[in-house]
K.L.:
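Structure incoming, see below.
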Protein chains: 2
Amino acid sequence: MNMDHTMFENLLAHIKRYISLSDEEEKKLLPYLTYKELKKKEHVLKEGKVCTANHFIIKGCLRMYSLTENGTEQIVQFGIENWWITDYMSLDTQKPGQFSIQAIEPSAIVILHKNTQDELFRKIPKLERYFRLVLQRAYAASVMRVKYIFTESGEERFRQFTNSFPEFVQRVPQYMLASYLGFTPEFLSKIRAKKN
Amino acid sequence: MNMDHTMFENLLAHIKRYISLSDEEEKKLLPYLTYKELKKKEHVLKEGKVCTANHFIIKGCLRMYSLTENGTEQIVQFGIENWWITDYMSLDTQKPGQFSIQAIEPSAIVILHKNTQDELFRKIPKLERYFRLVLQRAYAASVMRVKYIFTESGEERFRQFTNSFPEFVQRVPQYMLASYLGFTPEFLSKIRAKKN
DNA sequence: TGCATTTCTTGAACAAGTTCAAGTTTTTTC
DNA sequence: GAAAAAACTTGAACTTGTTCAAGAAATGCA
């Protein structure tokens with residue numbers, strides 16, 4: 001059993017920012033994790049399927065999106081390195097979901113399968129705490145997001161997003177950024193043309 | 001020590017929907033809970049203050065809102081019986097927050113203070129799991145909400161909300177409902193006038 | 001019960017953002 | 001390296017929702 005676990009280092013480091021993890025616990029955890037590399041555009045989850053796992057991004061960038069009635073794609077979430085991305089509605093209900101999760105660039109993820117998650121959490125109860133804290137932050141950010149959507153113009157939100165997450169603006173196609181911010185690519189072009 | 005704990009029954013029942021709780025654990029939990037009745041319009045939290053607790057609604061209806069630059073109120077969340085309502089951004093960062101939490105009608109809540117929460121969770125680790133599951137659902141619903149905000153018209157969102165939560169529509173002033181749905185009371189009046 | 005306050009409604013003028021269409025630029029593919 | 005595909009830009013016409021203002025209706029309070 002000579003296994004290289006360097007691919008899990010980022011996840012372990014992330015976990016240790018929230019909880020302490022002994023060597024023993026680390027050893028127990030690793031067999032529950034699966035490493036997977038993704039090609040650009042490869043789907044981790046397709047709309048209409050049941051989401052069966054949590055995904056931690058080791059490298060690259062993913063998006064969670066759904067198809068709208070008029071045939072466009074609505075992106076609700078991006079994920080980059082050291083972030084989790086999961087359709088929690090489908091994961092929770094174990095019903096077919098409304099979202100797809102796709103790699104925007106060549107990526108690598110660590111997968112934690114739902115069907116073994118409870119067993120793992122019984123062995124390492126502290127992970128319940130880790131995920132509680134992660135979800136608490138995600139939820140808090142999501143509520144802030146709703147506030148900004150309602151109270152600030154598209155342009156203001158674009159400017160703020162650019163200031164807060166400059167790495168995204170380089171890395172993600174503009175039309176995807178527009179989708180994530182809730183407006184059309186044409187409008188984003190107009191906003192950007194105003195920059196002078 | 002002859003204390004009546006019937007005011008906590010709803011919370012205990014809610015917890016037991018997610019985790020099992022022994023009599024022993026119940027006894028350990030109760031001293032960490034505070035019951036509080038609220039007058040209509042009474043604030044639990046004011047914008048600019050640090051949120052120091054989680055709030056479980058036993059009776060009544062609360063709203064979480066912030067003041068906008070132009071002096072209006074933006075409601076991001078309602079809470080009714082058996083729901084938690086908390087400014088998780090401020091609770092997490094322990095910094096002054098952007099939200100106020102206020103009772104819309106005479107209400108009653110159970111308070112779980114942050115400064116004793118970790119001690120409680122060490123005594124009853126299962127509560128980490130309870131809160132993880134609660135937050136997971138809240139976050140999943142919030143992501144769905146963002147999707148609907150972006151992909152459906154204000155009118156569509158109003159009609160869906162009315163169908164999903166008819167009790168709210170009776171109970172909450174129309175202008176608050178409009179705020180929560182992200183449009184003006186004038187527009188809501190126009191939508192409703194179309195109902196024939 | 002009467003007055004004050006709050007909530008709801010209405011209509012016209014306005015604006016942020018969309019739709020449609022097409023041209024330009026960049027990236028990808030072979 | 002050329003062609004195809006994808007992404008970006010632009011402008012005009014359009015639409016969903018806002019602002020402003022004021023009146024009507026409902027609720028709260030003494």
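Numbered from 1 within each chain, the chains take letters A, B, ... in sequence-line order.
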K.L.:
Each nucleotide N or O in nucleotides 3-5 of chain D that has a protein N or O under 3.5 Å away: list the pair and distance.
P.N.:
none

K.L.:
Could you state the atom-to-atom distance from CZ of F150(B) to P of dT16(D) in whole Å?
P.N.:
19 Å
K.L.:
Do R129(A) and E128(B) meet the salt-bridge criterion of a basic N to acidic O distance under 4.0 Å?
P.N.:
yes
K.L.:
Of all residues at least two apart in sequence or in a different chain, which pass the salt bridge (charged side-chain N to carboxylate O under 4.0 Å, His left out) check with E81(A)?
P.N.:
R171(A)
K.L.:
Under 3.5 Å, is there a donor-acceptor pair between the side chain of E73(B) and the main chain of S66(B)?
P.N.:
no
K.L.:
When the distance from OH of Y175(B) to C1' of dT5(C) is rounded to whole Å, what number comes out?
P.N.:
11 Å
K.L.:
Please list, chain by chain and in numerical order, all residues satisfying salt bridge (charged side-chain N to carboxylate O under 4.0 Å, His left out) with K28(B), sequence neighbours excluded.
P.N.:
none
K.L.:
Holding to salt bridge (charged side-chain N to carboxylate O under 4.0 Å, His left out), I want the full list of residues that pass it with K147(B), two or more places apart in sequence or in another chain.
P.N.:
none
K.L.:
Decide yes or no on side-chain hydrogen bond (donor to acceptor under 3.5 Å, both in side chains) for Q117(B) and N54(B), but give the supporting numbers first.
P.N.:
CA-CA 9 Å; Q117(B) 182 176 300; N54(B) 287 283; 2.8 Å; yes
K.L.:
Among residues two or more places apart or on two chains, list those pairs meeting salt bridge (Lys or Arg N to Asp or Glu O under 4.0 Å) that have a residue in residues 9-21 of chain A.
P.N.:
K16(A)-E26(A)
K.L.:
Other members of the hydrophobic cluster containing V50(B), with the 4.5 Å side-chain heavy-atom rule, please.
P.N.:
none
K.L.:
Set out, line by line, the N/O atom pairs under 3.5 Å between protein and nucleotides 24-30 of chain D.
P.N.:
unit_1: dG28(D); atom_1: OP1; unit_2: K40(B); atom_2: NZ; d: 3.4

K.L.:
Which nucleotides of nucleotides 9-18 of chain C have their base under 4.0 Å from a protein heavy atom (B), which only their sugar-phosphate (S), and which neither (-), written as one string 5' to 3'?
P.N.:
BBBB----SB
K.L.:
Please give me every residue in residues 59-74 of chain B whose heavy atoms get under 4.0 Å of an atom in DNA chain D, ordered by residue number.
P.N.:
none
K.L.:
Would E155(A) and K194(A) pass as an ion pair if we require N to O under 4.0 Å?
P.N.:
yes
K.L.:
Specify the angle, to 10°, made by the local axes at the two ends of the helix from dT1(C)-dA30(D) to dC30(C)-dG1(D) when five pairs are taken at each end.
P.N.:
60°
K.L.:
Among residues two or more places apart or on two chains, list those pairs meeting side-chain hydrogen bond (donor to acceptor under 3.5 Å, both in side chains) that have a residue in residues 173-183 of chain B.
P.N.:
Q174(B)-R192(B)
K.L.:
Do any pairs count as a ring-ring contact (aromatic ring centres under 6.0 Å, His included) and have a residue in residues 86-123 of chain A, sequence neighbours left out, and if so which ones?
P.N.:
Y88(A)-Y139(B), F121(A)-F131(A)
K.L.:
Please give me the minimum heavy-atom distance between R145(A) and V76(A), naming the atom from each residue.
P.N.:
NH1-O, 2.7 Å
K.L.:
Out of curiosity, K126(A) NZ to Y130(A) OH, how far, rounded to the nearest 0.5 Å?
P.N.:
14.0 Å
K.L.:
Under 4.5 Å between side-chain heavy atoms, counting indirect links through other Ile/Leu/Val/Met/Phe/Trp/Tyr residues: same cluster for L181(A) and V143(B) or not?
P.N.:
no
K.L.:
Could R63(B) and Y65(B) be counted as a cation-pi pair, given that NZ or CZ must be under 6.0 Å from the ring centre and within 45° of the axis?
P.N.:
yes
K.L.:
Expressed as a whole number of angstroms, how long is the span from I75(B):CD1 to dT7(C):C1'?
P.N.:
13 Å
K.L.:
Report the distance from atom CD1 of I104(A) to atom P of dT27(C), rounded to the nearest whole Å.
P.N.:
16 Å
